[in-house]
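Values below: all heavy atoms of this structure, side chains included; hydrogens, waters and symmetry mates excluded.
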Amino acid sequence: TQPIFRRGYFVDLERARSANEQAEIELSLAEQDLVVEVAEAYFDVLLAQDELALVERELAAVESQLEEAKRALEVGTGTQTGVDEAQATYDQVRSERVAAVNQLNVARETLRRLTGEQPQELAGLVEDFEPQPVEPADASHWVDLARRYNLEVQLAAQEEQLARHDVDANRAERWPQVELEGQYSYSDKEQDQRFTSPGTVFGDEQERRSVELQVSMPLFTGGAISSGVRQAEAERTAAAEELADQRRASALDARSAYLNLRSERQRVEALEQALVSARSNEASVRRGKEVGTRTTTEVLDAQSQRFETKRDLAEARYNYLLNFVELQAAVGMAVDEGVIQEINEQLQPVEP
């Protein structure tokens with residue numbers, strides 16, 4: 001028996017092709033999620049390293065202020081209040097250092113879990129890092145790309161296509177099926193009768209050949225086919241609604257990533273200017289302390305403000321790069337090697 005025409009087989013073929021495309025998209029989506037996750041973990045390690053380095057510098061600076069306050073008290077030019085405030089600040093920064101060390105260890109373990117290797121010295125940002133403006137500077141451009149090329153949108157589109165194939169498969173149950181059937185038979189009655197009726201010889205051989213087409217078609221199934229079609233159509237409608245919702249979600253993700261990227265760039269620029277102001281203010285406060293118009297507490301506050309601004313600046317820079325990756329992921333391009341290369345150009349290897 002050889003099938004000649006079965007509508008369901010054609011549907012199964014198309015469904016298999018769609019399932020293959022769906023699997024490829026799922027693989028790309030998994031790779032993209034991994035890119036984003038590893039990038040986030042990598043920047044978390046860099047940020048934790050920067051924060052620990054800043055806390056250690058601040059601790060050394062506060063310790064210097066504490067020793068200076070103690071010496072001033074000994075010679076009679078300082079007060080016990082100045083020593084106590086410096087000691088309190090010193091203890092506070094020491095506790096922050098403990099938290100920074102723990103944060104760095106956690107960040108390294110997170111990166112190790114993703115890569116399977118213990119991270120050594122990581123390449124950090126170049127010294128002259130300057131976040132570049134988003135090109136093109138039009139949110140609707142990125143939204144349009146996300147609606148078409150976002151991997152989750154493509155995956156939902158394949159789900160909707162598979163649902164359409166299910167509808168066709170149920171409808172194909174109504175179609176006729178055509179099969180080519182060939183038969184061949186041979187019999188020798190003399191051989192058959194030799195052992196049962198000796199003396200009776202028929203000498204009769206028979207050989208039959210036949211080739212025919214068989215057509216079958218369901219006439220009545222009690223409504224099973226119609227019920228299956230209705231269920232498949234309902235599932236296709238649900239899949240279409242899910243696709244539309246995923247397009248809206250991807251558009252929102254792209255717009256949010258674009259706005260966040262632009263906002264982080266502006267935040268970096270503002271914090272760079274704030275750092276200049278913080279350094280200038282600290283220098284003025286230190287000069288005021290030398291002439292007796294400012295106190296140790298004011299010096300400590302100005303110093304703390306400078307370190308806090310530097311930490312915020314480092315965080316904003318890493319957030320900018322992470323938002324860049326997330327924007328590329330929103331439009332389905334985070335798996336492109338060019339995106340990774342563009343980020344690597346902003347990093348510099350650690351000097352041996």
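- Under a 3.5 Å cut-off, the side chain of S227 and the backbone N or O of G223 do not form any donor-acceptor pair.
- No salt bridge links K310 with D50; every basic N to acidic carboxylate O contact stays at or beyond 4.0 Å.
- Both L321 and L47 belong to a single network of hydrophobic side chains, linked directly or stepwise wherever heavy atoms of I, L, V, M, F, W or Y lie under 4.5 Å apart.
- R286 has no carboxylate O lying under 4.0 Å from a charged side-chain N of E290, or vice versa, which leaves the two without a salt bridge.
- In this model, a donor atom of one side chain and an acceptor atom of the other lie less than 3.5 Å apart for S226 and R174.
- Remark: side-chain polar atoms of S95 are paired, donor with acceptor, to backbone N or O of Q92 under 3.5 angstrom.
- Annotation: the span from L34 atom CG to L29 atom CG amounts to 11.5 Å, rounded to 0.5 Å.
- Checked by atom type, the side-chain pair Q303/R57 shows no donor-acceptor distance below 3.5 Å.
- Each of N260, L327, V143 was compared with R255 under the side chain to side chain contact (heavy atoms under 4.5 Å, CB included) criterion, and only V143 meets it.
- Under 3.5 Å, the side chains of E159 and Q22 contain a donor-acceptor pair of N or O atoms.
- The hydrophobic cluster containing V178 does not contain Y9, counting ILVMFWY residues as joined when their side-chain heavy atoms lie under 4.5 angstrom apart, directly or transitively.
- Residues R306 and T309 have side chains that never bring a donor and an acceptor to within less than 3.5 angstrom of each other.
- In this structure a side-chain-to-backbone donor-acceptor pair under 3.5 Å is missing from S64 to A60.
- For E337, the CD atom is loosely surrounded, since the number of other residues' heavy atoms within 6.0 Å does not exceed 12.
- I340 and L261 fall within a single hydrophobic cluster, where Ile, Leu, Val, Met, Phe, Trp and Tyr side chains are chained together by heavy-atom contacts under 4.5 Å.
- For E264, there are no side chain to side chain donor-acceptor pair (under 3.5 Å) partners two or more places apart in sequence or in a different chain.
- Within the 3.5 Å criterion, the main-chain N or O of N319 finds a donor-acceptor partner in the side chain of N323.
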Quiz: residues 247-254 side-chain donor-acceptor pairs under 3.5 angstrom, not counting sequence neighbours:
| from | atom 1 | to | atom 2 | distance (Å) |
| --- | --- | --- | --- | --- |
| S250 | OG | Q246 | O | 3.3 |
| S250 | OG | R247 | O | 2.8 |

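- A donor-acceptor contact shorter than 3.5 Å links the side chain of Y320 to the backbone of Q132.
- Side-chain N or O atoms of N102 include none that pairs as donor or acceptor with a backbone N or O of V98 at under 3.5 Å.
- For the residue pair Q87/D91, the side-chain donor-acceptor check at 3.5 Å is satisfied.
- Through side-chain heavy atoms spaced under 4.5 Å, either directly or across other Ile, Leu, Val, Met, Phe, Trp or Tyr residues, F307 is tied to L54.
- Heavy atoms of other residues, nucleotides or ligands lying less than 6.0 angstrom from CD of E212 number more than 12.
- A distance of 11.5 Å separates CD in E58 from CD in E51, rounded to the nearest 0.5 Å.
- Taking the six-membered ring for Trp and thresholds of 30 and 60 degrees, F10 and F5 have ring planes inclined between 30 and 60 degrees apart.
- Using modelled atom types, no side-chain atom of R294 and backbone atom of V285 make a donor-acceptor pair closer than 3.5 Å.
- Between the side chain of S280 and the backbone N or O of V276, no donor-acceptor pair lies under 3.5 Å.
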